[in-house]
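On a predicted model such as this, the values are computed, not experimentally measured, just so you know.
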Protein chains: 2
Amino acid sequence: MSETSTKPRRNPAETRERLIGATVRLMLRQGYAATSVDEICAEAGVTKGSFFHHFENKESIGRAAVEWWGAFGTALYAEAWEDDELDPLDQLRRFFGIMIGFTEREDQVCTCMVGMMSQELSQTHPAMREECGRQLQLWTANCARMLAAAKARHAPEAGFDPEAVAWYLNSLWQGSMLVGKAEDRPGIIRSNLRLALAWVEGLLQKTDSPNPSQPS
Amino acid sequence: MSETSTKPRRNPAETRERLIGATVRLMLRQGYAATSVDEICAEAGVTKGSFFHHFENKESIGRAAVEWWGAFGTALYAEAWEDDELDPLDQLRRFFGIMIGFTEREDQVCTCMVGMMSQELSQTHPAMREECGRQLQLWTANCARMLAAAKARHAPEAGFDPEAVAWYLNSLWQGSMLVGKAEDRPGIIRSNLRLALAWVEGLLQKTDSPNPSQPS
DNA sequence: TCTGACATACGAACCAGTTGGTATGTTAAA
DNA sequence: TTTAACATACCAACTGGTTCGTATGTCAGA
């Protein structure tokens with residue numbers, strides 16, 4: 001009879017993923033409130049009944065989409081620190097390189113699901129705020145780990161707090177994407193990232209060597 | 001008959017302002033899409049007919065609200081540079097002081113209308129994106145002016161570009177408010193601002209004086 | 001009497017979410 | 001191996017409520 005191997009008509013895992021993918025794509029562009037469940041279903045090629053079978057409500061798929069984005073990001077960034085033999089300062093340089101690479105994708109606006117949902121929903125959807133907060137903490141923890149290691153290796157006497165610097169960099173990254181989008185000038189993001197990397201490198205310069213700021 | 005001096009039943013200017021005020025309050029909390037015209041009217045104590053008499057549509061009052069916020073902000077920041085006798089570096093210190101003060105208001109979430117509308121609408125409402133872009137440019141121009149003056153006075157040889165640094169600071173400020181909100185930790189914003197000010201002061205240190213970084 | 005400011009009423013479109021049903025897959029007894 | 005009972009995955013149609021926007025009316029002041 002008809003083959004059953006390639007395209008099983010039922011595939012809950014795939015349906016779920018398709019719904020999440022559609023949600024990410026749409027909300028990344030329009031935000032949460034402006035994205036309707038009908039629209040998500042149409043984009044995913046799934047009916048509304050099916051939608052409410054997989055997700056309790058709109059907020060629930062919103063949370064799943066933020067989680068998905070977090071995992072996607074972590075996988076992307078992991079390349080920076082996966083080689084644990086690498087000098088942590090070079091890991092940080094890779095980290096910045098990954099972010100710059102993210103701004104350079106063709107025909108893709110440089111924006112972040114976590115940043116968008118945080119901005120729009122922090123004050124009205126506590127569960128969403130918490131999920132976004134968690135994802136930002138993850139980024140910060142990874143960044144702080146590299147900063148602490150780099151500090152231990154290169155400038156143990158330096159006075160900066162790795163976690164505070166990590167939050168600073170996270171804020172700069174989020175704000176840069178926001179401003180880059182509003183100005184339609186992704187170059188601003190890259191310029192900001194370069195300034196920040198230079199600053200971090202400055203923080204990590206050995207304190208006993210009276211090195212002037214930077215070579216122009 | 002009834003007196004007409006104190007409370008004229010009709011006052012288009014005041015009605016307009018009430019509508020804009022209500023819009024700012026509501027959208028600052030809920031964002032654009034989640035704020036309905038009915039809600040705005042209720043908050044302002046104005047009927048819907050009146051609303052559509054004063055504003056063509058929802059987007060139009062959104063733009064007006066962003067403009068209002070821009071003027072409000074500029075008035076707030078102006079205190080930093082209004083004394084043009086003051087050392088521009090001290091003007092910058094005041095500038096940061098104003099931002100820190102903004103985070104310290106009681107029972108008020110530290111957030112920005114321009115940042116919220118930029119994040120939510122940049123990719124779908126071109127007119128709104130442009131208005132937000134304009135407001136961000138204003139902030140940046142004011143900031144860059146102070147930076148350029150401070151550079152001319154304190155470190156004319158320094159290699160930084162005042163405008164690039166101003167965009168950097170604008171991005172950091174926007175991102176800090178975003179992260180501070182998502183983490184419900186306004187302290188992060190203040191920490192970021194302090195780090196940024198120290199960095200700016202570092203940039204402005206005379207290149208010939210071998211001054212060590214900071215007194216811890 | 002004429003105009004600009006405001007009010008009332010309403011409609012077409014759209015929203016999130018529900019319902020009752022069907023197709024498909026699984027399990028286990030006959 | 002067949003079959004019958006059951007569970008899961010999915011679907012079309014629908015509901016009650018809300019949305020922005022409009023059409024029409026009223027009223028005060030110039």
Quiz item: Any donor and acceptor pair, going by atom type alone, linking the side chain of B:E120 with main-chain N or O of B:Y32 inside 3.5 Å?
Solution: yes

Practice problem: For the pair A:Q91 (side chain) and A:D83 (backbone), establish whether a donor and an acceptor sit closer than 3.5 Å, ignoring hydrogens and angles. | Solution: yes

Quiz item: Can you tell me how far the CD1 atom of B:I40 sits from the NZ atom of B:K58, to the nearest 0.5 Å?
Solution: 7.0 Å

Quiz item: Bend across the helix from C:dT1-D:dA30 to C:dA30-D:dT1, to 10°, with axes taken over 5 pairs at each end?
Solution: 10°

Quiz item: Just by distance, do the side chain of A:K181 and the backbone of A:S176 share a donor-acceptor pair under 3.5 Å?
Solution: no

Quiz prompt | Close residues, residues 35-47 of chain A, relative to DNA chain C [heavy-atom separation under 4.0 Å] | solution = A:T35, A:S36, A:V37

Quiz item: Under 4.0 Å: is that the gap between some side-chain N or O of B:T15 and OP1 or OP2 of C:dC6?
Solution: yes

Quiz item: Quick one, which residues of residues 118-129 of chain A touch DNA chain C with a heavy atom under 4.0 Å?
Solution: none

Exercise. Working to the nearest 0.5 Å, report the span between CE of B:M116 and OG of A:S122.
Key: 8.0 Å

Quiz prompt | A:F96 and A:W173 aromatic centres sub-6.0 Å | solution = no

Self-check item: Strand-adjacent residues in residues 50-63 of chain B, judged by heavy atoms under 4.0 Å from DNA chain C
Solution: B:S50, B:H53, B:H54

Self-check item: Integer-rounded Å distance: C:dC15 P and A:K48 NZ
Solution: 9 Å

Self-check item: Whole angstrom value for the distance that separates C1' of D:dC11 from CG of A:N11
Solution: 17 Å

Quiz item: Rounded to the Å, how far apart are A:E14 CD and D:dA9 C1'?
Solution: 13 Å

Quiz item: Parallel, tilted or perpendicular: which fits the ring planes of A:Y77 and A:W139, with parallel below 30° and perpendicular above 60°?
Solution: perpendicular

Exercise. Can you run down the side chain to side chain donor-acceptor pair (under 3.5 Å) pairs that involve residues 60-76 of chain B, sequence neighbours left out, and say none if there aren't any?
Key: none

Self-check item: Modelled atom types, side-chain donor and acceptor of B:Q137 and A:E183, under 3.5 Å
Solution: yes

Practice problem: Please check if the side chain of A:R105 supplies one atom and the backbone of A:V109 the other of a donor-acceptor pair under 3.5 Å. | Solution: yes

Quiz item: Is a side-chain donor or acceptor of A:D184 paired with a backbone partner of A:G180 at a separation under 3.5 angstrom?
Solution: no

Quiz item: Does the pair B:Q30 and B:T35 meet the rule for a side chain to side chain donor-acceptor pair (under 3.5 Å), with working shown?
Solution: CA-CA 6 Å; B:Q30 308 169 341; B:T35 300; 3.1 Å; yes

Practice problem: Quick one: list whatever passes salt bridge (Lys or Arg N to Asp or Glu O under 4.0 Å) with A:R194, sequence neighbours left out. | Solution: none

